[in-house]
S.K.: 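Structure provided below as structure tokens; questions to follow.
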Amino acid sequence: MLQSVLTRKNLIAVSIAAFYAVVLVFTGVCLDGDTTMVSRRNPIALIAGEIGFKTISPGTMGLIALILVAFYTVVLVTALIYERRYAIVNNIKPTSGKMWAVYGGTIAACLVLSLGLGILIQHPLTGENIGTMLLYLGQSLSLSFFVFAALVLVVGALIMFIINFINIDKPFKCFDDANQPVFDDDDLDLNADVKASFDTEELENSMPGFGPGGGAGAGVGGGAGVGEGGETVVKSAESLDDREKVFPTLCRIDNEYEGFDTEAVKSDELTLEEICTKFRNYLAKEERLYFDIDTIRFFISGFAASHFEILEGLSGTGKSSLPRYFAKFANAEVLFMPVQATWRDKTSILGFFNEFSKTYTETEFLAALYRANYNPDRLQFFVLDEMNISRVEYYFADLLSVLEYPQDQWKLKIMNVPYDFIPPFKLEDGKIQIPANSYFVGTANKDDSTFTITDKVYDRAITMEFLDKNAPFAVFEDTGKITLSASKLHSLYRQAMSDPTSVMLQSDFVKLNTVCDYVYDKFGIAIGNRIINQITNIVPVFVACGGTKETAIDFMISKKLVSKIEGRFEEYVKDALRGLLDLLSATYGTGVMALTERTANNIIKTL
């Protein structure tokens with residue numbers, strides 16, 4: 001716990017509080033009418049006189065009372081920092097009502113101790129002495145704020161001057177892109193500066209390159225490293241060759257489309273409910289795969305809440321087949337990639353610059369993502385099979401982060417492009433756009449050969465669990481494929497989200513908050529705005545797919561809230577879960593929250 005508190009930001013905050021405490025005491029000494037430590041006509045005393053402050057002689061006990069206030073100011077700041085970090089480490093919301101009560105108690109305790117002790121040490125303990133001490137403290141506190149602010153400005157200006165004077169010959173960057181070369185105004189030598197920005201000095205030690213399944217490659221005399229933010233950085237004193245040699249696959253795609261996007265795809269006129277029903281029947285009749293209808297509904301509606309889904313559970317239950325055959329059924333594109341245990345960072349899926357060959361080692365993932373930019377109206381699915389055989393938060397971290405941004409900022413940095421190099425058409429400024437037609441699906445098994453998927457990943461995805469093999473059923477109607485465009489799917493999503501009969505109402509949020517508050521109070525597990533937005537989006541779309549609002553809410557509560565209780569073995573957990581089951585029945589009705597109740601009962605069985 002101590003290690004988590006002793007951060008640079010926290011130590012800076014404590015040091016600022018200590019600096020203010022010194023300023024407070026110094027201000028009080030200057031305001032003391034009987035002081036012999038400084039001149040009675042010091043600048044602070046003169047300013048106090050000009051603004052109408054009374055000249056006070058608090059005596060030794062008054063000065064000690066001021067020192068107590070300064071000391072407890074530092075204690076208060078330190079205590080508040082510790083309490084906030086304690087809440088974060090123990091998965092407690094720092095801004096919860098419980099924590100605000102703790103903060104308030106700490107403030108009150110420090111206030112009572114500082115003033116209380118200051119009053120008790122007054123001798124004689126009379127009302128006149130106490131009043132004089134309080135007036136002295138009030139004047140010292142008031143004026144010390146202005147003195148502190150003035151000192152901060154002076155010291156800050158001095159530090160700024162020293163830092164900039166030391167770095168006077170170095171380029172300055174503030175709000176501009178840190179990856180762009182910055183030229184000095186005094187000597188604008190374009191070639192020299194650009195070469196310097198790409199490190200013209202050859203590396204003396206060669207670095208081993210890794211293949212597409214490994215890390216970033218590098219070579220003798222420069223190579224590619226991993227720069228700030230994880231992007232591949234090209235370090236070479238030589239200009240790169242033609243783009244056809246550096247990016248052969250991407251340039252072939254450019255030539256195939258001649259630099260122009262394809263036209264819109266003509267989509268079949270179907271509702272979301274019809275799509276779900278047809279897809280389920282298609283799987284049963286054509287592929288001999290049988291799924292519960294709600295599974296199909298959650299799979300299709302889940303993409304309305306997140307472009308990333310995780311399908312986990314037993315082997316052989318159709319996790320990998322579901323996205324593969326949906327792409328086939330909807331006339332969409334799909335890339336199936338088995339994840340390797342050696343994947344460590346984003347270069348495993350996006351590739352890297354190879355200094356030996358002066359080319360970029362392209363991957364299937366990169367090529368498919370690049371091609372998807374030329375087909376904005378054709379759905380593109382990326383299936384990462386057994387994605388937790390390596391750590392998801394390592395190789396998939398950049399995509400997880402980027403998908404949190406506004407859609408026009410869904411760009412991944414591939415490499416820094418030299419000033420004289422013309423990249424492929426869709427690789428603007430060394431970045432590739434993740435188009436809105438792209439969806440990512442990861443399959444995951446839960447066994448000893450895989451890594452645990454962290455809450456960071458789960459929170460950003462819609463997770464479906466496959467526990468049972470569904471029984472076969474007969475299908476007699478036509479089960480032909482359909483054509484579903486990205487624009488049509490997005491339009492269906494928007495229509496569902498704007499339907500007042502299926503959106504989340506205030507009464508629905510009241511019920512949801514009742515359950516969330518209980519789980520937070522009992523287990524310290526909360527859901528943030530991201531998950532609230534996911535619930536807001538998936539519920540009306542699931543209803544449009546033919547499901548019910550309660551089933552969708554049940555699914556999200558189970559996956560986003562209750563499932564996080566797994567692995568808790570404290571004594572209170574079992575009773576708290578039983579209380580949760582009672583609350584679900586009282587709030588939604590008996591048996592309505594079936595999935596959440598099953599999840600809670602399964603956890604109880606393990607205790």
Side-chain angles (χ1 to χ4, degrees), residues 179-181 191 194-259 335 337-340 342-374 380 382 394-396 398-399 411-435:
N179 292 320
Q180 297 297 319
N191 291 330
V194 172
K195 288 179 180 180
S197 71
F198 289 100
D199 191 2
T200 59
E201 293 184 77
E202 293 188 349
L203 298 179
E204 296 180 358
N205 299 321
S206 64
M207 298 172 62
F210 295 90
V220 179
V226 178
E228 185 176 353
E231 67 269 15
T232 304
V233 180
V234 180
K235 295 184 178 180
S236 175
E238 305 172 6
S239 297
L240 294 181
D241 211 329
D242 294 338
R243 60 183 176 188
E244 287 79 7
K245 294 183 180 179
V246 180
F247 290 97
T249 303
L250 302 191
C251 287
R252 278 197 297 271
I253 297 174
D254 284 341
N255 294 333
E256 179 183 343
Y257 292 92
E258 298 181 345
L335 174 67
M337 292 186 65
V339 174
Q340 305 298 316
T342 55
W343 288 12
R344 293 292 182 268
D345 53 47
K346 73 172 186 179
T347 61
S348 304
I349 56 176
L350 293 176
F352 59 92
F353 181 79
N354 191 323
E355 181 64 18
F356 290 107
S357 60
K358 298 293 182 182
T359 62
Y360 193 92
T361 302
E362 299 157 309
T363 62
E364 285 186 279
F365 188 96
L366 177 65
L369 191 62
Y370 192 80
R371 186 182 293 274
N373 279 275
Y374 276 113
Q380 172 72 56
F382 297 84
Y394 287 178
Y395 68 85
F396 210 63
D398 284 56
L399 277 91
K411 297 181 180 181
L412 291 170
K413 186 73 172 181
I414 301 301
M415 62 179 284
N416 285 343
V417 178
Y419 77 101
D420 59 350
F421 177 72
I422 301 176
F425 294 148
K426 297 291 186 178
L427 205 65
E428 185 178 354
D429 194 28
K431 298 177 181 177
I432 188 170
Q433 176 77 41
I434 301 176

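Keep in mind that what you see is a predicted model, and the values were worked out from it rather than measured. Reckoned from all heavy atoms, side chains included, excluding hydrogens, waters and symmetry mates.
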S.K.: Within this structure, what is the CD-SG distance for the pair E244 and C251, rounded to the nearest 0.5 Å?
M.R.: 4.5 Å
S.K.: Would you say F382 and E364 make side-chain contact, with heavy atoms under 4.5 Å?
M.R.: no
S.K.: About how many Å separate CZ of F353 and OG1 of T359, when rounded to the nearest 0.5 Å?
M.R.: 7.0 Å
S.K.: Please report the interatomic distance CG(L350) to OH(Y395), rounded to the nearest 0.5 Å.
M.R.: 12.5 Å
S.K.: Examine distances only and state if a side-chain atom of Q340 and a backbone atom of P338 form a donor-acceptor pair shorter than 3.5 Å.
M.R.: yes
S.K.: Using 0.5 Å steps for rounding, measure from the CD1 atom of I349 to the OG1 atom of T363.
M.R.: 7.5 Å
S.K.: Going by side chain to side chain donor-acceptor pair (under 3.5 Å), name the residues that satisfy it together with Y370, two or more places apart in sequence or in a different chain.
M.R.: D254
S.K.: Apply side-chain contact (heavy atoms from CB on, under 4.5 Å) to L399 and K346, showing your working.
M.R.: CA-CA 9 Å; L399 277 91; K346 73 172 186 179; 5.7 Å; no
S.K.: If you round to the nearest 0.5 Å, how far is OG1 of T249 from CD of E362?
M.R.: 3.5 Å
S.K.: Can you tell me how far CD1 of I414 sits from CZ of F352, rounded to the nearest 0.5 angstrom?
M.R.: 13.0 Å
S.K.: Treating D429 as the side-chain partner and K431 as the backbone partner, does any N or O pair qualify as donor plus acceptor under 3.5 Å?
M.R.: no
S.K.: Side chains of L250 and Y360: does their closest heavy-atom pair fall under 4.5 Å?
M.R.: no
S.K.: Any side-chain heavy atom of Q380 sitting closer than 4.5 Å to one from L369?
M.R.: no
S.K.: Using modelled atom types and a 3.5 Å cut-off, is there a donor and acceptor pairing between side-chain atoms of D398 and backbone atoms of L412?
M.R.: no
S.K.: Apply the test side-chain contact (heavy atoms from CB on, under 4.5 Å) to residues T361 and T347: give CA-CA distance (whole Å), side-chain angles for both, the deciding distance (0.1 Å), then the verdict.
M.R.: CA-CA 9 Å; T361 302; T347 61; over 6 Å; no
S.K.: Listed by chain and number, what are the side chain to side chain contact (heavy atoms under 4.5 Å, CB included) partners of P423, not counting sequence neighbours?
M.R.: V417, F421, L427
S.K.: Among residues at least two apart in sequence or on other chains, which ones pass side chain to side chain contact (heavy atoms under 4.5 Å, CB included) with Y257?
M.R.: I253, T262, R371, Y374, N375
